[in-house]
Amino acid sequence: MSSAIQLSVDNAAIAVTKAQLDAIAPEAVSAMHTVEQGTGAGADFLGWVNLPSTLQPALIADMLATAAVLRNECEVVVSIGIGGSYLGAKAVIEALSDSFAAYRHDHKGPKMLFAGQNIGEDYLYELMDYLDDKKFGIIVNSKSGTTTEPAIAFRLLKELLERKEGKEAAARHIVAITDARRGALRTMADKEGYKSFVIDDNVGGRFSVLTPVGLLPIAVAGFDIKALVEGAAQMEKVCATESYDTNPALLYAAVRNCLYRSGKKIEIMVNYNPKLHYFAEWWKQLYGESEGKDHKGIFPAAVDNSTDLHSMGQWIQDGERTIFETVLSVDATHHETIIPTDAANLDGLNFLAGKRVDEVNHMAEIGTRIAHVDGGVPNLRVNVPMLTELYLGQLIYFFEKACGISGYMLGVNPFNQPGVEDYKRNMFALLDKPGYEAESAAIKARL
Ligand code: PA5
């Protein structure tokens, strides 16, 4: 088994030549220096660049000790957060978990659930109804400490927990992850005496998976956060080199910018392993919020194959040729399942008897790649040796570093998200939040 994830861009050659890639290399290296030296827009948010190699063992030990309390004393732990304060943990936990963990009675440790990533009333009602007779804990993640969705979920679940256990006992099972000084959540954590962790000012939400925001829920779910950080630290080294041959982040950023400039405006993240669905959601958020600004940016989309070959497959094969694909290809599974022989062979499937399910899956992947390339869809591939903490850590850092480089090549500030404020302003005006009186009348006139 390879010791690292591998990026292959050979099948993008239908749209990007080696000469084009060579020509853009100085620009890519310069964008990488801008990230590393903090000389570009958003330089206040580069704390993630050296995070894996500088994460303090004492912080890891503190997270593991906190996770142990929640694991030992809770049947369910709800991680509350949205965007970057949700997707990293969700992606890693889904990628590493048994697909049916939620239904197993012999499941070790607490069930991990998520809230605050939506404002669904039924979702929250049903969650509270489920938690009503459970011993549960809460991890509340919000860098700003003021985001509406997690704040609503936290108010509801905190009230439920305090009603069930009393204020003091409830506080033992609430952990807050937020800014060191600012925001309502910091005030609450200090006043109520919650165990808390800090998100450093210089790490933005979508780059925070290797801080307690991602690591604590992952540790509570029972996964090895040291191996995750070690994988990221390995990629931190590799992704600081200045050649396409050694640095996959540099190559990925360069290829996707060449593709964008040639009219490929949509990138589809493809997986052939359902455990990677939320990894693609994390990637979509990372790239969408980082690059989609100033009326520029590749639109990040995702499909789960082979499921979506029976829906989006038609569009990808045959629709408008403005797309390219990046496939997350997992080399080895954790389990073997052999397709059995059937004497009657009524389904005509005996040609597959004796083969592993994963061989069929790989042939679906290769067959699709060839069909899509023949159909004019450039194909990038990231080979992942196996879904383990180490390789997920590598993948996370690889995509983060490439995102910073790619954003600067695109000519945007990859570390802000000014567009996210617009819906909030309208929502607050519609809900009569104090301070929004002026906007309120104008927006209500448009109802
Ligand atoms: O990447 C980002 O900055 C955002 O997606 C945030 O993570 C998200 O809006 C949640 O913000 P907060 O952690 O402040 O509640």
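For ligands, and for the atoms within them, numbers begin at 1 and follow the listed sequence.
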Contacts table for ligand 1: protein N or O within a distance under 3.5 Å of ligand N or O, distances only.
| from | atom 1 | to | atom 2 | distance (Å) |
| --- | --- | --- | --- | --- |
| ligand 1 | 1 (O) | R206 | N | 2.8 |
| ligand 1 | 1 (O) | R206 | NH1 | 3.3 |
| ligand 1 | 1 (O) | Q285 | NE2 | 3.3 |
| ligand 1 | 1 (O) | E289 | OE1 | 2.9 |
| ligand 1 | 5 (O) | G84 | N | 3.3 |
| ligand 1 | 5 (O) | Q285 | NE2 | 2.6 |
| ligand 1 | 5 (O) | E289 | OE1 | 2.9 |
| ligand 1 | 5 (O) | E289 | OE2 | 3.4 |
| ligand 1 | 7 (O) | G84 | N | 2.9 |
| ligand 1 | 13 (O) | S85 | OG | 2.6 |
| ligand 1 | 13 (O) | K143 | N | 2.7 |
| ligand 1 | 14 (O) | K143 | N | 3.4 |
| ligand 1 | 14 (O) | S144 | N | 2.8 |
| ligand 1 | 14 (O) | S144 | OG | 2.7 |
| ligand 1 | 14 (O) | T147 | OG1 | 3.4 |
| ligand 1 | 15 (O) | S142 | OG | 2.6 |
| ligand 1 | 15 (O) | T147 | OG1 | 2.5 |

Supply the atom-to-atom distance [X] [atom1] to [Y] [atom2], rounded to the nearest 0.5 angstrom.
X    : Y    : atom1 : atom2 : answer
M409 : M32  : CE    : CE    : 11.5 Å
M235 : E400 : CE    : CD    : 12.5 Å
L228 : T388 : CG    : OG1   : 9.0 Å

| message | Would you say the ring centers of F398 and Y252 fall short of 6.0 Å from each other? | response | yes
| query | Is the gap between the ring centers of W283 and Y287 under 6.0 Å? | reply | yes
| task | Measure from NZ or CZ of R425 to the centre of the six-membered ring of F428, then state whether that distance is under 6.0 Å and the direction lies within 45° of the axis. | result | no
